[in-house]
Amino acid sequence: MRKIKQFSACFLCMMVILLLAGCDREQSEKKAEVNLSWYINFSWFTTDWGNNMVSKAITEETGCDIEFITPSGDPNEKLDAMISSDTLPDIITLGWWEPQISELISEEKVYALDTLADKYDTYFYEVINDEVANWHKSDDGHLYRYPNSACSPSDYEKYDTLASNETFLVRKDIYEAIGSPDMTTPEGFIRAVKKAAEMFPTIDGKEMIPVGCTEFNEIGCDSFDNYLFDFLAVPYVDENGNAIDRIKNKDYVEWLKAFNQLGREGLLKDEIFLDFRTQMSEKINNGQYFCMLYQYTDMADQEKNLYAKDPDSIYIAVDGPKNAAGDDYTLPGTSVNGWTVTLISKNCENPDKAIKLLTYLISEEGQKMTWLGVEGKTWDYNEDGVPEMKNDIKKILYTDRAEFDEKYGADSCYWMMQNDAMGSQWIKDDENNPVTQLKQWTYPYTTYVGQYTITFDSNSKIGKVKNSIDTIWGETLPKLLLAKSDKEFDRIYHSYIKTRYEMGYQDVLAALTEQMNENIEKLGLDK
């Protein structure tokens, strides 16, 4: 009996030692910091790492110190150069639609995340959204990329505060000064813009820009194509479920002509065709635009700065362009595609650390960190047991985003793996937040259209045709907006339509129809 007790005591002692050794090993792994380079394919991203509370806490938790790399000029040129010279950094984040994704995968320049997870971190499978992961798997069955801001149809059943990003914004004081006019018709829109320009040629000592928009790029401008389609409720398919050519929609052409009329009167300023997001953000921060079709999340920081200076100078969401029937908008909610996708390069010398970092950021613990910050310092559980940011921290967030990012780095300052659906549990609408009205305005119009958002492999025949047609549209759109007459507008427009069909757009529509139907079936949606 005595030997059994001695054995039991020895066994317990050994277990304690092994447990402590395991804990020490885990802690030493965290403390053994590695440096990971992380490329963000957006020139406007300027956030650093290691100086605020959240980034320090993530480094302490994961053992990963991050060096962000961003392009100084054209993002695609920078990325293409790194691919061709085989100088890709450890981690890569780019828009889900970018053609380089298929190139990175087909040329085996990135790891399969599931392979890394099998080898280094099976917890990865517990934290990812299976619907989202299955959607993003490649044809070989492997998962090479994982998105941020991706919501599956089931997320829309689970959460009731998922919003579209797309809004029509007006500067509050100018809009009210011209009588808060109806801007839902082309005629009313033109009158309002002209009146705003006449009454406010300058604003706060700077030139007032009557109409603002997103960046023009090689394939167009979201404000004047994609967003305008959505505000006009232009359908994706016909009554038989076949993909339609949205650019041929009558209401869309009429609204392009309305913008062209403003252009002929000098009210589409040169800078809207030239500015990158950095310059646009500065002008939003100055309140220089009268109206914009814009993603409100892209100007949230500037909105808070305007509110801190003068609550009347902020942008508010109001009803903007509508189709002739006055139909409700069909604004896209966050889809299963998400916004960006993140991949791990085969140049990464520490793929074990890289996959564990992504796992942490995707997990609920990581989401609380990036959305709310450090427990006990920036947030606590409220009386209902729900995580909530502290009031004094929220006050800084709502009034000085730069100071908030510098000190704390929460509220998706590091958005690369953000989960909008999960975050909606903790980030509630707050009337003290000047962005709340913009978000709430979208609720009645937000709809799921992930089944219709499609990209083709850029190396495929259809992909090459689609990319070539899109490039010509990128050249055509500014010409339409700046045409010197209706006759010139019609000539440019019809020439483009003729060219796109000569290039094989009918085949593109057939491929879109096929892919849309596959997506509907894959997502379990009704046709």
Side-chain angles (χ1 to χ4, degrees), residues 47 52-55 57-58 127 129 132 147-152 154-167 295-305 307-308 314-315 317 331-335 338-340 360-405 407-444 446 448:
T47 308
N52 57 43
M53 187 182 292
V54 165
S55 61
I58 293 175
V127 301
N129 180 318
V132 170
N148 75 347
S149 298
C151 294
S152 59
S154 61
D155 285 324
Y156 281 80
E157 298 174 4
K158 187 176 180 181
Y159 305 102
D160 59 3
T161 54
L162 293 176
S164 175
N165 275 335
E166 296 179 12
T167 45
Q295 291 199 118
Y296 77 85
T297 51
D298 288 353
M299 50 79 69
D301 295 351
Q302 293 76 35
E303 177 84 338
K304 292 166 185 174
N305 292 340
Y307 184 79
I314 64 171
Y315 288 91
L331 307 183
T334 303
S335 81
W339 167 30
T340 65
Y360 171 78
L361 292 173
I362 296 168
S363 72
E364 183 170 323
E365 180 185 4
Q367 290 294 308
K368 284 179 180 174
M369 180 68 75
T370 51
W371 281 105
L372 298 167
V374 178
E375 182 179 0
K377 295 183 178 179
T378 59
W379 68 273
D380 282 310
Y381 289 96
N382 63 24
E383 58 186 15
D384 297 320
V386 177
E388 184 176 356
M389 192 176 286
K390 294 183 176 184
N391 287 332
D392 59 329
I393 306 297
K394 281 196 287 190
K395 185 176 181 181
I396 299 173
L397 171 63
Y398 297 163
T399 58
D400 194 334
R401 181 69 200 222
E403 180 185 353
F404 178 87
D405 287 350
K407 287 185 178 179
Y408 306 111
D411 195 58
S412 281
C413 175
Y414 302 105
W415 43 259
M416 287 67 82
M417 305 309 297
Q418 72 183 9
N419 183 329
D420 293 342
M422 187 181 293
S424 70
Q425 302 174 83
W426 315 312
I427 309 300
K428 301 298 183 181
D429 292 347
D430 187 335
E431 297 305 323
N432 294 315
N433 184 349
V435 179
T436 294
Q437 186 268 337
L438 313 182
K439 178 184 177 183
Q440 290 180 336
W441 180 88
T442 72
Y443 286 161
T446 301
Y448 190 85

Point-to-point distance, once rounded to the nearest 0.5 Å, from OH of Tyr414 to CG of Asp405: 8.0 Å
Modelled atom types, side-chain donor and acceptor of Asp430 and Thr436, under 3.5 Å: no
Enclosure of Tyr448 OH (heavy-atom neighbours >12, cutoff 6.0 Å): yes
Backbone of Asn419 reached by a side-chain donor or acceptor of Gln367 within 3.5 Å: yes
Expected output: side-chain Tyr408 to main-chain Val374 donor-acceptor under 3.5 Å: no
Heavy-atom side-chain proximity of Gln440 to Asp429 below 4.5 angstrom: yes
Nearest-0.5 Å distance, NZ of residue Lys439 to CG of residue Leu162: 8.0 Å
Lys377 atom NZ, over 12 foreign heavy atoms within 6.0 Å: no
Within 6.0 angstrom of Lys395 NZ, more than 12 heavy atoms from elsewhere: no
Shortest non-hydrogen separation from Ala317 to Leu438 and the atoms involved: N-CD2, 3.4 Å
Non-neighbouring partners of Glu157 that pass side-chain contact (heavy atoms from CB on, under 4.5 Å), sequence neighbours left out: none
Trp379 and Trp426 aromatic centres sub-6.0 Å: no
Side chain Gln425, main chain Met422, donor-acceptor under 3.5 Å: yes
Polar side-chain atom of Thr446 near backbone of Leu331 as donor-acceptor pair, under 3.5 Å: no
Nearest-0.5 Å distance, CH2 of residue Trp339 to CE of residue Met416: 9.5 Å
Heavy-atom pair of closest approach, residues Met369 and Ala57: CE-CB, 3.7 Å
Pairwise distance CD(Glu388) to CG(Leu372) - rounded to 0.5 angstrom: 9.5 Å
